[in-house]
Protein chains: 2
Amino acid sequence: MKRANREDVARLAGVSTAVVSYVINNGPRPVAEATRSRVIAAMDELRYRPNASARALKLARTNVIGLLMWDITNPYFSEMAKYMQERAHERGYGLMIGNTGQDGIEETAELHNMLGREVDGIALSGVRRPETLTAIARSGVNVISMDWHLAAPDIPSVGIDDYGATREAVEHLLWHGHTEVGLIAGIDDLTLREKSWSDTMSARCTPERLKELTAYGDFTRQGGYQAAIDLLKRPNPPKAIFVSSDVQAFGVVRAVQHLGLNIPNDVAIISLDGTDASAFTYPSLTVIRLPLDEIAKHVVDKLTSHGADERMHTTFPHTLIPRESCGCVSPEHAGREDVRAFSHSQS
Amino acid sequence: MKRANREDVARLAGVSTAVVSYVINNGPRPVAEATRSRVIAAMDELRYRPNASARALKLARTNVIGLLMWDITNPYFSEMAKYMQERAHERGYGLMIGNTGQDGIEETAELHNMLGREVDGIALSGVRRPETLTAIARSGVNVISMDWHLAAPDIPSVGIDDYGATREAVEHLLWHGHTEVGLIAGIDDLTLREKSWSDTMSARCTPERLKELTAYGDFTRQGGYQAAIDLLKRPNPPKAIFVSSDVQAFGVVRAVQHLGLNIPNDVAIISLDGTDASAFTYPSLTVIRLPLDEIAKHVVDKLTSHGADERMHTTFPHTLIPRESCGCVSPEHAGREDVRAFSHSQS
DNA sequence: TTGTAAGCGTTATCAT
DNA sequence: ATGATAACGCTTACAA
């Protein structure tokens, strides 16, 4: 049975195709109530569904947006994707995903893939290759970056105060009495977090020591695991570690335990992201939580509202959530951990 | 600067629009080498990109497929999504995602969302509402189910041998010397796994005891956590548990530890899924691993090849991966766990 | 080997 | 309040 189109509906309802359009779109012209209901009845009877491709062709708009990221398997991204999908749905949009891989090797390919599908906008997270940026610029597509407000001030962006959040995290560990805080960072990104750590620590360490306190891994559990093993097997390892992302921290927790060390007594850990999953390691992770839901909403809104929001960059607030891995909450307090924001001034 | 269309390219290259099409699509008619290069040059110069909407309208095909699932945040789904996206990309397709929520409340809405976007096919995972099935049937869209081969034999499906896998998992725990194995299951799904557990255990338990050994939670870390707390706080709790999904098992591990119990000595755990994340709990999870990558490929291929593959149902093999949570591998063997398939006959 | 032109299902402008 | 119709950019049968 052939699918009905607008003309079939019009014929059955005894109206013109234009009227069918007016009914479907509630405009741009008014339709008499009687006519409207005849049209609706006809649509029902024929199981009519408007053809999105035709509509997209006519309107030069697909009502689909894309999310380009490293790896949907990373809880940070999957939570972001979930919130974005929900918001997109609310606003009548669909969400396409593209994984660029840890090394960003698929970055350009995925970008072109999305551009070729005529998405109305693209959110970029963890995207960095210069080729990608120039490709974006010349494509003229609607874009928002979730990373580099700094590198490309002409491109709209969102983010958090990476520098401040990192300092806060490091200082929280110092507040616990640690004199040195190690760093586990991504291979070649999030340099602002690395810089903030280094600035905060350089008051207490020599530059050589800073190097000894740093290990790199990619943004996977495995990457965090290996970086932690590397770091902790060195001669004089730190007893507290700032991990630049939750996924990595999952690997770090596992590594510390594998080495037979105790968290937080032998090694205290804090990480930055605050995904839902971070509450379910054991011990649970003390984190700086990013408001992923808020960020996702903002990103989708920005991409789907034709430039109504003028701001080029929006910064979202972060929150320290003290849990077990730093020593704030003891593992004995099963299920009683306090998930409210932590404030140093109160202590 | 207006975007170039096929006519602009044709004009610049001094050919007809048809020839431009022939060049782009490598057919259906041959093009002289010289002409082809002129066309290509013109496309470059104008930064021409074919309009996917127009193409979709003409061909009645969007080259986009959809994945409808509960929650992309569940590692099982996010890993599946990743593999599917990769395969789709290889085959020139895009992947749209839709989250239906734990209760499936958004199921119909998301389905219509995808249908309205004219996706060429939809993969359903964790979808079960009867309304959804009838909506699918009448829409005539290309579909593949990743759950219910049984309930709707007229719809193509993939899966694993849930019954056999569960039996294997339970028997593995029994082989470890346990006499009773508890069950943590999803609220109203995966009944085949529940049935298999019940069949396997009923030789050793009374029906009343079977009830005492069962707890339900939704497919989240939190759901597993609460179900485990519930189960383990009962008078005579099991010392071994079969968990019907990895996500739930993450919560179970956390719950057991919170109760101050040791894994695997006080409580042994095995779960079914075998996501990458399952190797990073502490202790690591012994799992029945599903070949997500293979399944994803198959699903995408089936959805993107116009009915070339005749099979209505394909079953994929599963593999028992012995790790720490059952006692096969001791936590001391840091990084030395054997990830090959486990065979009881060898022991 | 290349050109012409019809048609895919919409939307929206111009009539009526 | 409604109808007729020209576009939107592409593919492809048919002509040359």
Side-chain angles (χ1 to χ4, degrees), chain A residues 1-40 42-43 46-64 92 115-120 139-140, chain B residues 1-40 42-43 46-64 92 115-120 139-140:
Chain A
M1 181 188 72
K2 196 180 134 283
R3 189 164 141 193
N5 63 17
R6 190 215 37 187
E7 199 170 332
D8 301 322
V9 174
R11 194 163 31 231
L12 180 60
V15 298
S16 81
T17 59
V19 173
V20 180
S21 269
Y22 300 155
V23 170
I24 291 171
N25 304 321
N26 277 320
R29 309 232 139 275
V31 175
E33 223 15 89
T35 322
R36 164 181 315 265
S37 38
R38 253 185 311 139
V39 169
I40 290 178
M43 293 197 303
L46 298 174
R47 297 246 163 70
Y48 172 71
R49 197 158 24 85
N51 182 308
S53 305
R55 175 172 245 251
L57 172 60
K58 183 64 190 178
L59 298 179
R61 178 155 52 77
T62 54
N63 276 30
V64 172
L115 290 176
R117 297 214 143 69
E118 307 293 305
V119 295
D120 294 340
S139 80
Chain B
M1 181 188 71
K2 196 181 134 285
R3 188 164 142 193
N5 63 18
R6 190 214 36 185
E7 198 171 334
D8 300 323
V9 174
R11 194 163 33 232
L12 180 59
V15 299
S16 82
T17 59
V19 173
V20 178
S21 269
Y22 301 155
V23 169
I24 291 170
N25 304 321
N26 277 320
R29 310 234 140 275
V31 176
E33 225 12 271
T35 321
R36 155 173 317 223
S37 40
R38 252 185 313 138
V39 170
I40 290 178
M43 293 197 303
L46 296 175
R47 297 246 165 70
Y48 172 71
R49 197 156 28 82
N51 182 307
S53 305
R55 176 173 245 255
L57 173 59
K58 182 66 189 175
L59 298 180
R61 177 156 51 80
T62 54
N63 275 30
V64 172
L115 290 176
R117 296 209 147 71
E118 306 294 304
V119 296
D120 294 340
S139 80

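Numbers restart at 1 for each chain; the letters A, B, ... are given by sequence-line order, proteins then strands.
- Scanning for side-chain hydrogen bond (donor to acceptor under 3.5 Å, both in side chains) contacts around B:Arg38 gives an empty result, with sequence neighbours left out.
- Listed by chain and residue number, B:Arg61 satisfy the side-chain hydrogen bond (donor to acceptor under 3.5 Å, both in side chains) test with B:Asn63 (two or more places apart in sequence, or in another chain).
- At its two ends the helix from C:dT1-D:dA16 to C:dT16-D:dA1 runs along axes set 40° apart, each axis drawn from five pairs and the angle rounded to 10°.
- Going from atom CG of B:Leu57 over to atom C1' of C:dC8 covers 4 Å, rounded to whole Å.
- The distance between atom CZ of A:Arg11 and atom C1' of C:dG9, rounded to the nearest whole Å, is 13 Å.
- Note: CE (A:Met43) to P (C:dT10) measures 11 Å, nearest angstrom.
- The closest donor-acceptor contact from the side chain of B:Arg117 to the backbone of B:Thr62 lies at 3.5 Å or more, if one exists at all.
- Annotation: of the two residues near DNA chain C, A:Glu7 and B:Val19, the 5′-most nearest-nucleotide partner is B:Val19.
- By the side-chain hydrogen bond (donor to acceptor under 3.5 Å, both in side chains) test, B:Arg29 pairs with no residue at all, sequence neighbours left out.
- Residue B:Arg3 comes nearest to B:Pro50 through the heavy atom pair NH2-O, 3.6 Å, listed as atom of the first residue, atom of the second, then distance.
- Donor-acceptor pairing under 3.5 Å, judged by distance alone, is present between the side chain of A:Lys58 and the base of C:dT11.
- Rounded to whole Å, the distance from CZ on A:Arg49 to C1' on C:dG9 is 13 Å.
- Both A:Ala54 and B:Ala32 lie close to DNA chain C; mapped to their nearest nucleotides by heavy-atom distance, the more 5′-ward contact belongs to B:Ala32.
- Each of B:Ala4 and A:Ser16 was assigned the nucleotide of DNA chain D with the nearest heavy atom; the assignment lying further toward the 5' end belongs to A:Ser16.
- For B:Arg55, there are no salt bridge (charged side-chain N to carboxylate O under 4.0 Å, His left out) partners at least two apart in sequence or on another chain.
- Atom CZ of A:Arg61 and atom C1' of C:dA12 are 13 Å apart (whole Å).
- The two atoms that bring B:Tyr48 and B:Ile24 nearest to each other are CE2-CD1, 3.6 Å, heavy atoms only.
- Here B:Leu59 lies in heavy-atom contact (under 4.0 Å) with sugar-phosphate atoms only.
- For A:Ala52, the side-chain contact (heavy atoms from CB on, under 4.5 Å) partners two or more places apart in sequence, or in a different chain, are B:Glu118.
- In this structure, B:Val31 reaches the sugar-phosphate backbone alone: every heavy-atom distance under 4.0 Å involves primed, P, OP1 or OP2 atoms, never a base.
- Considering only residues two or more places apart in sequence or on other chains, B:Ser53 meets the side-chain hydrogen bond (donor to acceptor under 3.5 Å, both in side chains) condition with none of them.
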Could you write out each protein N or O paired with an N or O of nucleotides 13-16 of chain C at a distance under 3.5 Å?
{"from": "C:dT13", "atom 1": "O4", "to": "A:Tyr22", "atom 2": "OH", "distance (Å)": "3.1"}

Can you give the donor-acceptor pairs under 3.5 Å from side chains of residues 9-18 of chain A to other protein atoms, not counting sequence neighbours?
{"from": "A:Arg11", "atom 1": "NH2", "to": "A:Asp8", "atom 2": "OD1", "distance (Å)": "2.8"}
{"from": "A:Ser16", "atom 1": "OG", "to": "A:Ala18", "atom 2": "N", "distance (Å)": "3.2"}

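- When the salt bridge (charged side-chain N to carboxylate O under 4.0 Å, His left out) test is applied to A:Glu33, the partners found at least two apart in sequence or on another chain are A:Arg36.
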Practice problem: Output, in order, the C-alpha distance, side-chain angles, deciding distance and verdict of side-chain contact (heavy atoms from CB on, under 4.5 Å) for B:Ile40 and B:Val23. | Solution: CA-CA 8 Å; B:Ile40 290 178; B:Val23 169; 4.1 Å; yes
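- Contacts between residues 33-40 of chain A and DNA chain D, defined by a heavy-atom separation under 4.0 Å, are made by A:Thr35.
- When DNA chain D is scanned in the 5' to 3' direction for atoms under 4.0 Å from non-hydrogen atoms of chain A, the outermost contacting nucleotides are D:dA1 to D:dG9.
- Among the protein residues, B:Arg6 comes within range of the nucleic acid bases, having at least one heavy atom under 4.0 Å from a base atom.
- Taking atom CG of residue A:Asn25 and atom P of nucleotide C:dG9, one finds them 17 Å apart after rounding to whole Å.
- Atom CG of B:Asn51 sits about 6.0 Å away from atom CG of A:Leu57, to the nearest 0.5 Å.
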